[in-house]
Amino acid sequence: MAIGETSISESAGRDFIRDIIAADLDSKRSSKVVTRFPPEPNGYLHIGHAKSICLNFGVAEEFGGRCHLRFDDTNPTKEEQEYIDAIKADVRWLGFDWGEHLYHASDHFEQLYTWGQHLIRAGKAYVDDQTQEDMRATRGTLTEPGRNSPYRDRKVEENLDLFARMRAGEFPNGARVLRAKIDMASGNINLRDPALYRILHASHPRTGTAWSIYPSYDFAHGQSDAIEGITHSICTLEFEDHRPLYDWFLDNLPVPSRPRQYEFARLNLSYALLSKRVLTELVKGGHVEGWDDPRMPTLAGLRRRGVPPEAIRDFIKRIGVAKANSVVDIGMLEFSIREVLNATAQRRMAVLRPLKVTIENYSQGEGEELEAVNHPEDTAAGTRRIRFGREIYIERDDFMETPEKKFFRLAPGREVRLRYAYFITCRETIKNAAGEVVELRCSYDPATRGGNAPDGRKVKGTIHWVSAADAVPAHVRLYNPLFTRPDPSASEFAKDINPQSCELLTDCRIEPSMATWEHPVQFERQGYFCRDRSSAPGGLVFNRTLGLRDTYAKITAIPATGGKTG
RNA sequence: UGGGGGAUAGUUCAACGGUAGAACAUCGGACUCUGACUCCGAGAAUCUUGGUUCGAAUCCAGGUCCCCCAGCCA
């Protein structure tokens, strides 16, 4: 079921946020539901944001309301147009639509300024000339109260004048700040006269140089919610102790509506770091190739990796919403990815590490065409013709000179099935000077054409292959987790970076039809792959989205993300 | 030692005073022209101590542990 098809009855009570909304609708405290997704355009969206997006847009859809996309662009020193564009593209890709409801905190700058004056006139805000150091020193500590600023009792007229001159750009950065006058002794540090406006001579992506002062998050967020008619302002846990301040502004300003803030626990994923600071450093420090590097947990990275948006939505639905901090096993995400890809990706054959096989009793001629099904669980996907010939490539891992007990693929003297083709038996092993196996000499049974023996005999293994004469070369990138630990250090992430997070294979052979294939594909017995955007004619590049579950390989060192390494 | 939150299988969530349930993971087994998929089965939890109640994961009291807050970041 698509996310938008969830009915209210099914969704009611699915989590505490939906419980609250259902109750508000029930008690008529709200007559509609309006939510918002409020990213700051200072980086790319990651899968943690997907949780918020799915929650906010999902809830709005389920309850027949709407969800706004609002850029929290109150700090021009960190925000860029590139991020604004990328965020829009990512939200759309995930499958959500804000319609006409695109907003920016900067749309409300003029109103916010007016409200700053309003607080001044009410004696509830003042311009403070203290230095940043002084403010820090007088704020107190977690256990000691702060001290009032010597500028706290400035006259209204003087405050108004100074505030206007701050706006006019008369003072340098940091010279003064507009502060709310609340309580320097509050146990909640957010209430110790928080800054409302700071002087920032910086060019803003939308307002350019029109402003020399910019509102703080606290002063902008709730009021923007009120202006837009947001009913339920859903944010993460770290804003919980900002809620009294959020409410204080709404109580002390003539706002047009009364939104409420609710907080949920952000997403954490094992073997990953979901913080914009870390992701930004990974990009700027050159640890990855960019925001859309397939190893990144960004939506852009997941997209390039080949992860379908449906899989992300399914994953988010599965993990639920609560207030307890938690770390979700990356295996959960992988399950959702396989679930979607198994159902949608067509099957093809590709040999990643080729081992040449010559079928000695097969004619030297042109070869032949065999039929292969495109999707075993979806007959509508049809079939395709694949070339077979005397020389083929099989996977190096599918041959073992001295097979271990559980190995039931090819070995000297052993018979296996070539998928959709014939049974072959290994007759001889060719080695190079170093003693490495470089070629296999096999025989085939013409009676097994298509893959079944008329005499009813069975083989234990079926392996994939490609025709040596017809397969096209390709590069394939195998990905493993970016970090070596399930709980990488956010403060010293560099030491936990996995040096083997990307393995490039340069001698792969794939079915010719793949040259122009644009969809996710399963290379049989190996995993799900997608064409990388760096592919060029004659230079195909595939990314492995995820390996198939592999109960034989049993890699224990690092989780299955990216599948087996060898 | 201030203020605000949170503790249920290995993990993530349910259970809203009335039989602690699901998904993922794990371990068995079946099926299979993908060691995939699918199917069947198993093990596995209420932080702790009291109290209220016929009955407590849920209500009350005390304790323990974990997370967030001292930006002119969001």
Side-chain angles (χ1 to χ4, degrees), chain A residues 13-16 19 38-40 42 72 74-75 77-79 128 130-132 135-136 139-146 173-179 185-192 194-200 213-214 216-218 220-221 235-244 263 265 267 270 276-277 315 317-336 338-339 342-343 347 349 372-373 376-377 406-409 417-421 423 450-452 458-464 522-527 547-554 559:
Chain A
R14 264 204 348 195
D15 56 63
F16 78 99
D19 284 349
E40 183 191 10
N42 66 343
D72 235 325
T74 57
N75 186 352
T77 64
K78 293 184 175 175
E79 296 150 9
D128 196 341
Q130 289 186 109
T131 62
Q132 211 164 150
M135 276 184 62
R136 182 159 45 231
R139 186 157 26 234
T141 68
L142 293 180
T143 52
E144 304 156 23
N173 287 355
R176 292 178 225 263
V177 51
L178 182 71
R179 287 230 258 176
S186 173
N188 182 343
I189 292 175
N190 295 118
L191 263 22
R192 318 240 265 230
L196 271 34
Y197 271 95
R198 72 277 212 196
I199 297 170
L200 244 36
I213 56 173
Y214 291 90
S216 64
Y217 163 85
D218 287 305
H221 203 96
C235 62
T236 43
L237 252 30
E238 67 269 28
F239 293 103
E240 212 152 12
D241 52 13
H242 287 240
R243 183 159 19 97
E263 311 85 12
L267 171 68
S270 63
K276 272 200 207 164
R277 195 210 98 226
F315 166 69
K317 189 187 289 182
R318 284 170 188 277
I319 61 173
V321 180
K323 294 195 71 160
N325 293 76
S326 61
V327 181
V328 177
D329 191 326
I330 187 79
M332 289 251 207
L333 208 213
E334 295 178 343
F335 176 85
S336 291
R338 290 195 181 101
E339 178 108 313
N342 175 55
R347 315 282 126 119
M349 291 199 283
V373 310
E377 294 163 30
K406 292 282 194 173
F407 186 84
F408 45 83
R409 279 112 88 156
R417 172 167 40 233
L418 293 178
R419 178 137 235 232
Y420 298 125
F423 285 10
N452 288 301
K458 303 286 186 193
V459 287
K460 281 164 81 177
T462 298
I463 64 175
H464 60 275
Q522 179 195 109
F523 288 152
E524 297 215 35
R525 302 208 307 130
Q526 311 208 86
L548 255 27
R549 276 191 66 207
D550 190 345
T551 51
Y552 172 70
K554 276 279 168 69

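A quick note: this is a predicted structure, and the numbers were derived from the prediction, not measured. Below, read A as the first sequence line, B as the second, and so on, with proteins coming before strands; counting in each chain starts at 1.
Here the side chain of A:Arg179 pairs no donor or acceptor atom with the backbone of A:Leu196 at under 3.5 angstrom. Distance alone, capped at 3.5 Å, places no donor-acceptor pair between the A:Ser186 side chain and the A:Arg192 backbone.
No hydrogens or angles were tested; on distance alone, a donor-acceptor pair under 3.5 Å links the side chain of A:Arg409 to the base of B:G35. At a cut-off of 3.5 angstrom, counting only N and O atoms as typed in the model, there is no donor on one side facing an acceptor on the other between the side-chain of A:Gln526 and the base of B:U34. With hydrogens and angles ignored, a donor-acceptor pair under 3.5 angstrom links the side chain of A:Asp19 to the base of B:C16.
The glycosidic torsion of B:G71 lies within 90° of 0, placing the base in the syn range.
Ring stacking holds between A:Tyr552 and B:G35, with the centres under 5.5 Å apart and the planes within 30 degrees of each other.
Note on A:Arg139: a side-chain N or O is less than 4.0 Å away from OP1 or OP2 of B:G71. OP1 or OP2 of B:A74 sits under 4.0 Å from a side-chain N or O of A:Thr74.
In this structure, of B:A74, B:A14, B:A36, it is B:A36 that holds the atom nearest to the side chain of A:Thr551. Comparing B:U12, B:G4, B:C69 by their nearest atom to the side chain of A:Glu240 picks out B:G4. In this structure, the nucleotide among B:A74, B:G71, B:U12 sitting nearest to the side chain of A:Met332 is B:U12.
Between B:G4 and B:G63, the two P atoms lie 15 Å apart (nearest whole Å). Across B:A25 and B:A9, the matching C1' atoms stand 11 Å from one another, rounded to whole Å. As rounded to the nearest Å, B:U8 and B:A57 have C1' atoms that lie 7 Å from one another. Straight-line distance between the P atoms of B:U19 and B:G51: roughly 23 Å, to the nearest whole Å. B:G6 and B:C47: their P atoms are spaced 14 Å apart (whole Å).
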Under 3.5 Å for both distances, Watson-Crick or G-U wobble, that's the pair rule; now give the dot-bracket for RNA chain B, with | marking pairs to another strand and [ ] for crossing ones.
.((((((..((((....[..)))).(((((.......)))))....(((((..]....))))))))))).....
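Side-chain N/O atoms of A:Thr77 and A:Asn75 include a donor and acceptor closer than 3.5 Å.
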